[in-house]
Amino acid sequence: MEKDKDKKHKDKSKDKNKDKEAEKSKQKDKKSKDKEKVTEAPAAAPTATSAPKKYTIVIFDGNSMHRWDEIFAGKTLRDGSTLRIVQCSWMDAEVCVYGGQSGCLLTVAPVRDTDGVAIKPSTCSVKPDFVLMRNQPRGPVPANDRRNVLYGLMMANVPAVNSLLSEYMNLERPIMYGALKEIEQRVGHDKFPLVPINYYSSPSTMVIGPDYPAVLKVSHAHAGMGKIKLDSGEEFRDIATVLSLHGDYCTGEPFYQGEYGIRVQKMGNSYRVYKKVATGSGWKSQFGGADLQVVEVTETYKLWVDEAAKCFGGMDMLAIDAIHGVDGKDHIIELNGTAIGIKAQYW
């Protein structure tokens with residue numbers, strides 16, 4: 001009897017163990033199936049790509065003969081986004097910059113607007129996505145000073161070519177010359193033959209003059225404005241008394257009798273060199289006239305603009321102006337930013 005009881009007890013224990021194992025097995029199967037369900041769940045539907053946008057490009061070029069609307073006609077970005085081209089002068093632009101997400105609001109009287117919203121003298125307001133500068137925001141006289149518009153674009157961090165910082169730095173001759181001087185000191189005068197320049201912060205400092213004959217350049221003006229040729233110390237002292245009326249800074253540099261002028265242009269990875277042969281009788285090619293001849297791009301010329309392109313955080317469009325003297329040597333005289341002449345056939 002006791003043996004039978006022990007046998008029955010063992011059989012019951014075995015049955016219980018079997019039941020437990022069966023339950024565990026069921027739970028494992030369930031977990032495995034749940035895992036499979038998660039793994040086999042269909043992937044979420046892909047999010048719809050954003051539709052192409054229209055971006056506003058503001059081009060500062062007040063010359064109505066320059067057809068930027070035609071240059072960009074039919075052009076799109078890689079994602080298919082289209083472009084609105086608004087071409088205007090710095091003189092016909094005002095800017096407000098608001099905090100938060102509002103950003104920059106530019107009010108202009110366009111000479112060209114591909115959306116046809118307004119044409120000068122009518123005005124319209126745009127939020128620029130990009131700015132291309134083809135001339136400077138500052139002319140030779142106070143009435144042509146539009147730096148306040150540039151400041152607003154800088155505050156709003158509007159992308160531009162060249163960078164707004166480089167445009168700002170290029171507005172003053174001593175700052176531009178300092179950047180070129182750094183290149184000369186780094187690569188050597190033989191490779192980067194920059195002219196020696198004296199700087200005078202006011203007429204009262206004009207005591208020691210440059211070597212004569214010399215060229216005196218008053219303040220920031222370009223394109224032949226504010227420049228005078230001096231042949232003696234007496235003339236240097238005379239012009240100092242004239243400058244005393246306004247207190248402008250000025251620079252003085254040796255006058256080199258030129259055989260021809262040189263302009264080396266760099267736009268992105270494209271290079272072009274012009275030989276400027278004077279056609280007039282004056283010493284200023286801007287007023288006497290010059291015949292521009294395209295010449296070979298040498299390694300020397302490439303070095304000039306490649307080094308200058310590093311100035312002020314980087315420049316995409318620039319030109320180095322130099323004089324090839326009757327002494328057979330090249331003399332670098334200045335750096336120009338985006339306000340460089342481009343012959344019509346290369347637009």
Worksheet, complete the sentence: Closest non-hydrogen atoms of F72 and I59, given as atom of the first, atom of the second and distance, are CE1-CD1, 3.8 Å
Item to complete: Can you sort out the partners of K191 under side chain to side chain donor-acceptor pair (under 3.5 Å), two or more places apart, ordered by chain and number?
Response: none
Worksheet entry | Pair T76, T82: side-chain N/O donor-acceptor within cut-off below 3.5 Å | no
Worksheet, complete the sentence: All heavy atoms of S89 vs all of F60, minimum pair found to be C-CD2, 4.1 Å
Fill in: SB check D129 K53 (cutoff 4.0 Å)
no
Worksheet entry | Close side-chain approach of H66 to R134, heavy-atom, < 4.5 Å | no
Worksheet item: Will you find, in the side chains of E184 and H189, an N or O donor that is under 3.5 Å from an N or O acceptor?
Response: yes
Discussion item. Check for me, please, whether V295 and L303 land in the same ILVMFWY cluster - side-chain distances under 4.5 Å, paths through other members count.
Written reply: yes
Worksheet entry | Transitive ILVMFWY cluster of L105, excluding itself - 4.5 Å side-chain cut-off | Y98
Worksheet item: Can you find a side-chain donor-acceptor pair between Y260 and Q293 that sits under 3.5 Å?
Response: no
Fill in: ILVMFWY clustering at 4.5 Å (side-chain atoms), partners of V117
none
Worksheet entry | Beyond-backbone contact of M91 with N144, side-chain heavy atoms, under 4.5 angstrom | yes
Practice prompt. Determine the minimum heavy-atom distance between K120 and A109, stating which atoms define it.
Written response: CB-O, 3.8 Å
